[in-house]
Amino acid sequence: MSDTHLLTERVAAVARDDTPLLDLRVERKRYDGRIVLADIALQVARGEIVCLVGPSGCGKSTLLRIVAGLDGDYR
Ligand SMILES: Nc1ncnc2c1ncn2[C@@H]1O[C@H](COP(=O)(O)OP(=O)(O)OP(=O)(O)O)[C@@H](O)[C@H]1O
Ligand SMILES: [Mg+2]
């Protein structure tokens, strides 16, 4: 099998993969006892483009830190 054929097969397999890129549940995130995120369910599909929009202090960076694995202190 040629390299090109293998690559084509690999690209097709990735395209068929419909498992979510991200599947996150955050029940509660607290800072110093204060709840800053609650009842978050975020799924992102492969190839999907998602914007996180909200007023200053609503928790966008907090959520992104959790998504990036920088903050595991939540449930
Ligand atoms: N390290 C921290 N310790 C305590 N409280 C924090 C900490 N980081 C964020 N907070 C608080 O958590 C809440 C969410 O903050 P966050 O930075 O996630 O908001 P944001 O949506 O990213 O805001 P901005 O649009 O200004 O960047 C705010 O009330 C903020 O003061
Ligand atoms: Mg921010």
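In each ligand, atom 1 is the first atom listed, and ligand 1 is the first ligand listed. Not measured: the values here are computed from a predicted model.
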Student: Considering both backbone and side-chain atoms of Ser61, is one of its nitrogen or oxygen atoms within less than 3.5 Å of a nitrogen or oxygen in ligand 1?
Tutor: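 Yes: some nitrogen or oxygen of Ser61 is under 3.5 Å from one in ligand 1.
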Student: Mind checking the CZ-OG1 spacing from Arg46 to Thr19? Nearest 0.5 Å is all I need.
Tutor: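 Reported to 0.5 Å precision, the distance equals 4.0 Å.
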Student: Distance from Leu42 atom CG to Ile40 atom CD1, nearest 0.5 Å?
Tutor: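 Between Leu42 CG and Ile40 CD1, I get 8.0 Å after rounding to 0.5 Å.
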Student: Around atom 9 (C) of ligand 1, find the nearest protein heavy atom and jot down its residue, atom name and distance.
Tutor: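 Going by distance alone, atom 9 (C) of ligand 1 is nearest to Tyr31 CE1, 3.4 Å.
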Student: Look at atom 15 (O) of ligand 1 and say which protein heavy atom is nearest, naming residue and atom and giving the distance to 0.1 Å.
Tutor: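 Going by distance alone, atom 15 (O) of ligand 1 is nearest to Thr62 OG1, 3.8 Å.
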Student: Is there any N or O on Gly57 that sits under 3.5 Å from an N or O of ligand 1?
Tutor: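 Gly57 vs ligand 1: N/O contact under 3.5 Å present.
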Student: Working to the nearest 0.5 angstrom, can you tell me the gap between Tyr74 OH and Leu37 CG?
Tutor: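 Spacing of OH (Tyr74) from CG (Leu37) equals 10.5 Å.
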Student: What's the separation between atom CZ in Arg75 and atom CZ in Arg25, rounded to the nearest 0.5 Å?
Tutor: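 Answer rounded to 0.5 Å: 10.5 Å.
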Student: Report the nearest protein non-hydrogen atom to atom 26 (O) of ligand 1: residue, atom name, distance rounded to 0.1 Å.
Tutor: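 Scanning the protein heavy atoms, the shortest distance from atom 26 (O) of ligand 1 goes to Ser56 OG, 2.5 Å.
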Student: Starting from atom 25 (O) of ligand 1, which protein heavy atom do you reach first, and at what distance in Å?
Tutor: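 Minimum-distance protein heavy atom for atom 25 (O) of ligand 1 reads Lys60 NZ, 2.7 Å.
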Student: So, is Ser61 placed with an N/O/S atom under 2.8 Å from the Mg ion (ligand 2), counting both backbone and side chain?
Tutor: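 Checking the Mg ion (ligand 2) against Ser61, an N, O or S atom does fall under 2.8 Å.
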Student: If the threshold is 4.0 Å, N to carboxylate O, is there a salt bridge linking Asp73 and Arg30?
Tutor: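 Salt bridge absent between Asp73 and Arg30.
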Student: Hey, is CG on Asp39 packed in by over 12 heavy atoms from elsewhere, all under 6.0 Å?
Tutor: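 Counting neighbours around CG of Asp39, more than 12 heavy atoms of other residues, nucleotides or ligands fall under 6.0 Å, so yes.
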Student: So, for Lys60 and Gly54, which heavy atoms are closest and what is the spacing to 0.1 Å?
Tutor: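 Where Lys60 meets Gly54 most closely, the heavy atoms are NZ-O, 3.0 Å.
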Student: Between Gly54 and ligand 1, is there a nitrogen or oxygen pair with a distance under 3.5 Å?
Tutor: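 No, Gly54 has no N/O under 3.5 Å of an N/O on ligand 1.
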Student: Starting from atom 11 (C) of ligand 1, what is the nearest protein heavy atom, named by residue and atom, and what distance separates them?
Tutor: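 Closest protein heavy atom to atom 11 (C) of ligand 1: Arg34 NH2, 3.6 Å.
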